[in-house]
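What follows is a set of notes on a single structure, which appears directly below.
What's counted below: heavy atoms across the whole structure, side chains too, no hydrogens, waters or symmetry copies. Within every chain, numbering begins at 1; the chains are lettered A, B, ... in the order of the sequence lines, protein sequences first and strands thereafter.
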Amino acid sequence: MQIYNTMTRRKEELIPLVPGQISMYACGPTVYNFFHIGNARPFIVFDTMRRYLEYRGYQVRFVQNFTDIDDKMIRRANEEETTVKALGERFIKEYYHDADALGVRRASENPRATEHIGEIISLVATLIEKGNAYATPDGDVYFSVRSFPGYGKLSGQNIDDLENGARVDPDEAKRDPLDFALWKAAKPGEPSWDSPWGKGRPGWHIECSAMSMSLLGETFDIHGGGQDLVFPHHENEIAQSEAATGKPFARYWMHNGYINVDNQKMSKSLNNFFTVRDIAKEFDLEAVRMFMLGVQYRNPVNFSREMIQQAQSALERLRTAKERLAEAQVAAAETSEDAAFIAQLEDFKTRFNEAMDDDLNTADALGVLFEFARAANTFVSEPRGSKAIEAGKALFSELTGVLGLLGREKAEEFPAEALAMLEERQAARKAKDFARADQMRDALKDMGYAVEDTVNGPKLKKL
RNA sequence: GGCGCCAUAGCCAAGCGGUAAGGCAGAGGUCUGCAAAACCUUCAUCCCCGGUUCGAUUCCGGGUGGCGCCUCCA
């Protein structure tokens, strides 16, 4: 498989550190609020990456953290008149609620920063020992950027250019404007932990270094996140980690593009964001996943309700094909058409894999799935051999499953009233009382159900 | 100022050297009591100007127009 490595700025063959295994870390949410559609993209992208790697036979260890201590957590907890801990607990729960609905599988591990304070402190201590960090009299610890020669290698920034543009905050006791905080001395009323530098809490960048290395090792395969994390967050992670261990940190860096609104990055600060929770009130979140997968992950994509609507319609087409395959009528004998269909299946699978092998090109892979859907729809328009039907069904489920689509076994429950009306309509049709039949159909429509007449009889469908 | 990305039909989006996948929407048709679903048909020469090449949407240069990072941000 080829993936685009931000570090080298080109596509590279993915060769795992340990054959057959992939270790992968993705930056997770700061749990101070519901997450928005823009935040959701990396969750979906890296979940899809993980699903695909597993499907291709890798044993994947996928770690995604929760940042549960930082300035935003503290501020929000104060606003809500609650504790940082309680706030974190709550929004971790809310994260799972939304992520589940987006078809995002639980990571192998979801470490929390506050549960890895020990590792963080020893990492900071190591950096001080090695001369890459220094403590100030106030009890803050900063990383000395100039002490790490490779600084800027991920983002392609020249350290002196950065220096010119750096914001200088006169309050900070930094030796160099580029230096960043590893440990922040506690202010009154803030959660804090004991450390060799006094009570305090970790900086944001160090927690990811500490958690990823303690769970995946000093060198691991893939590190992912949104493009906005390239600088400074990931650049800083590299500096801290490599300065401390003297070994390469992540081997491949994957960064997803933004979700835009009217061509502008969806973000909290621009106040142009939509939370996943809110969108869930209007749409099935599977449509949101479909919308995201319709674009290769590195490209930006505009979010709008119209786009979700389109994705929903497209998803419906795949769902129908899956259902038709499941309800296909079995013929007594096999024919040459069965064999042709089975041969076609191989082709779809190959092309799907080729698309995904090319830097996770889900948009291209979906194209293959739609061609598959059409072929399947045509194929099952009359009774077919069970072997071909089963093969088609299995492959369709497998491939949509790799994308995390159509996974839910939503056993459709319809109210008895609606089922009774459906029966009455059917009786009216038999009696050629079409006016009555249409009346029933309209009434069902008002209740939110569509009627579809299939070879297996009439079916209800939620609108 | 430094670093970087993007420009393909009404909308979305693959392709990236040999004359444009797929989806949504639209039009016509088949099927249907009528619908729905499904199927068939139809719907683009790829922002502009140069260059390289037998041949460019695809490579190079220059424009124009969008966007991002350099500050918390997925």
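Listed by chain and number, the residues in a ring-ring contact (aromatic ring centres under 6.0 Å, His included) with A:Phe434 amount to none (sequence neighbours excluded). Residues satisfying the side chain to side chain contact (heavy atoms under 4.5 Å, CB included) criterion with A:Ser313, sequence neighbours excluded, are absent altogether.
As a whole-Å value, the separation of A:Asp358 CG from B:A21 P is 18 Å. Regarding A:Phe34, its CZ atom lies at a distance of 16 Å from the P atom of B:A74, rounded to whole Å. If you take CD of A:Glu354 and P of B:C16, they are 11 Å apart, rounded to a whole angstrom. What separates NZ of A:Lys265 from P of B:C6 is a distance of 18 Å, to the nearest Å. A:Glu237 places its CD atom 13 Å from the P atom of B:A74, with the value rounded to the nearest Å. When the C1' atom of B:C12 is taken as reference, atom CD of A:Gln309 falls 14 Å away, rounded to whole Å. The distance from atom CG of A:Asn256 to atom P of B:C67 is 20 Å, rounded to the nearest whole Å. For A:Trp253 and B:G4, the CH2 to P distance is 19 Å, given to the nearest whole Å.
Of the residues near RNA chain B, A:Thr30 and A:Val230, the one whose nearest nucleotide (by heavy atom distance) lies more toward the 5' end is A:Val230. Closest-nucleotide positions on RNA chain B for A:Gly225 and A:Tyr297 were compared, and the one nearer the 5' end corresponds to A:Tyr297.
B:G65: Watson-Crick or G-U partner is B:C6, with both key distances under 3.5 Å. Figure legend. B:C31 is base-paired to no nucleotide; pairs are counted as Watson-Crick or G-U wobble with both atom distances under 3.5 Å. The pairing partner recorded for B:U45 is none, the criterion being a Watson-Crick or G-U wobble arrangement whose two distances lie under 3.5 angstrom. Pairing partner, B:C54: B:G18, with both Watson-Crick or wobble hydrogen-bond distances short of 3.5 Å.
Here A:Lys268 lies out of heavy-atom contact (under 4.0 Å) with every strand. Among the heavy atoms of the strands lying under 4.0 Å from A:Lys72 are primed sugar atoms or P, OP1, OP2 only; no base atom is included. When heavy atoms are screened at a 4.0 angstrom cut-off, A:Leu369 is found touching no nucleic acid atom at all. Heavy atoms of A:Phe43 sit nowhere under 4.0 angstrom from any nucleic acid atom. Among the protein residues, A:Gln312 comes within range of no part of the nucleic acid, since none of its heavy atoms lies under 4.0 Å from any strand. Within 4.0 Å (heavy atoms only), A:Gln157 reaches at least one base atom of the nucleic acid. Here A:Gly294 lies in heavy-atom contact (under 4.0 Å) with sugar-phosphate atoms only. Nucleic acid contact class of A:Gly152 (heavy atoms, under 4.0 Å, all strands): none. Nucleic acid contact class of A:Thr378 (heavy atoms, under 4.0 Å, all strands): sugar-phosphate only. At a threshold of 4.0 angstrom between heavy atoms, the contacts of A:Gly226 are confined to the sugar-phosphate backbone, with no base atom among them. Within the nucleic acid shown, A:Glu306 comes within 4.0 Å of sugar-phosphate atoms alone, with no base atom in reach, counting heavy atoms only. Residue contacts for A:Asp228: at a heavy-atom cut-off of 4.0 Å it reaches a base atom on one of the strands shown.
Side-chain atoms of A:Val301 lie closest to B:A13 of the nucleotides B:G68, B:C24, B:A13. Counting only heavy atoms from C-beta on, A:Met307 has its side chain closest to B:C12 among B:A21, B:C12, B:A74. Checking B:A13, B:C70, B:A74 against the side-chain heavy atoms of A:Leu162 singles out B:C70 as nearest. Considering only the side chain of A:Ala314, B:C24 comes nearest among B:C69, B:C24, B:A13. For A:Asn377, the listed nucleotide lying nearest its side chain is B:C39; candidates were B:A21, B:C39, B:C67. Among B:C69, B:G15, B:C40, the nucleotide with an atom closest to any side-chain atom of A:Arg374 is B:C40. Nearest nucleotide to the A:Ala363 side chain, out of B:A74, B:A14, B:C67: B:A14.
Nucleotides B:G65 and B:G26 place their P atoms 36 Å apart, quoted to the nearest Å. Taking atom C1' in both B:G15 and B:A21, the straight-line distance is 7 Å, to the nearest Å. To the nearest whole angstrom, the two P atoms, one in B:C69 and one in B:C60, are 26 Å apart. Here, B:C49 and B:A14 have their P atoms 25 Å apart, quoted to the whole Å. When the C1' atom is compared between B:A9 and B:C5, the two are found 24 Å apart, to the nearest whole Å. When the P atom is used for both B:A35 and B:C59, the distance is 49 Å, rounded to whole Å. The gap from the P atom of B:G63 to that of B:G2 amounts to 14 Å, rounded to the nearest Å. Comparing B:A38 with B:C72, their P atoms sit 49 Å apart, to the nearest whole Å.
When only modelled atom types and interatomic distance are considered, A:Asn272 and A:Gln264 share no side-chain donor-acceptor pair under 3.5 Å. A donor atom on one side chain and an acceptor atom on the other are not found under 3.5 Å apart for A:Tyr95 and A:Asn110.
Taking only side-chain nitrogens and oxygens, A:Asn361 comes nearer than 4.0 Å to OP1 or OP2 of B:G15. Within the 4.0 Å cut-off from OP1 or OP2 of B:A14, at least one side-chain nitrogen or oxygen of A:Asn299 is found.
A cation-pi arrangement is not found for A:Arg251 relative to A:Phe220, the charged atom failing to lie both closer than 6.0 Å to the ring centre and inside a 45° cone about the ring normal. Cation-pi geometry between A:Arg384 and A:Phe341 is not met at under 6.0 angstrom from the ring centre and within 45 degrees of the axis. Under the 6.0 Å distance and 45° angle rule, A:Lys462 does not count as a cation-pi partner of A:Tyr449.
If you look at A:His223 and A:Tyr252, their ring centroids are not closer than 6.0 Å. Aromatic pair A:Phe372/A:Phe396: ring centres closer than 6.0 Å. Taking the six-membered ring for Trp, A:Tyr25 and A:Phe62 have ring centres at least 6.0 Å apart. Aromatic rings of A:Phe143 and A:Tyr151 (six-membered ring for Trp) have centroids beyond the 6.0 Å cut-off, not under it.
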Protein within reach of the bases, or only the backbone? For nucleotides 25-37 of chain B, mark each nucleotide 5' to 3' as B, S or -, using heavy atoms under 4.0 Å. --------BBBBS
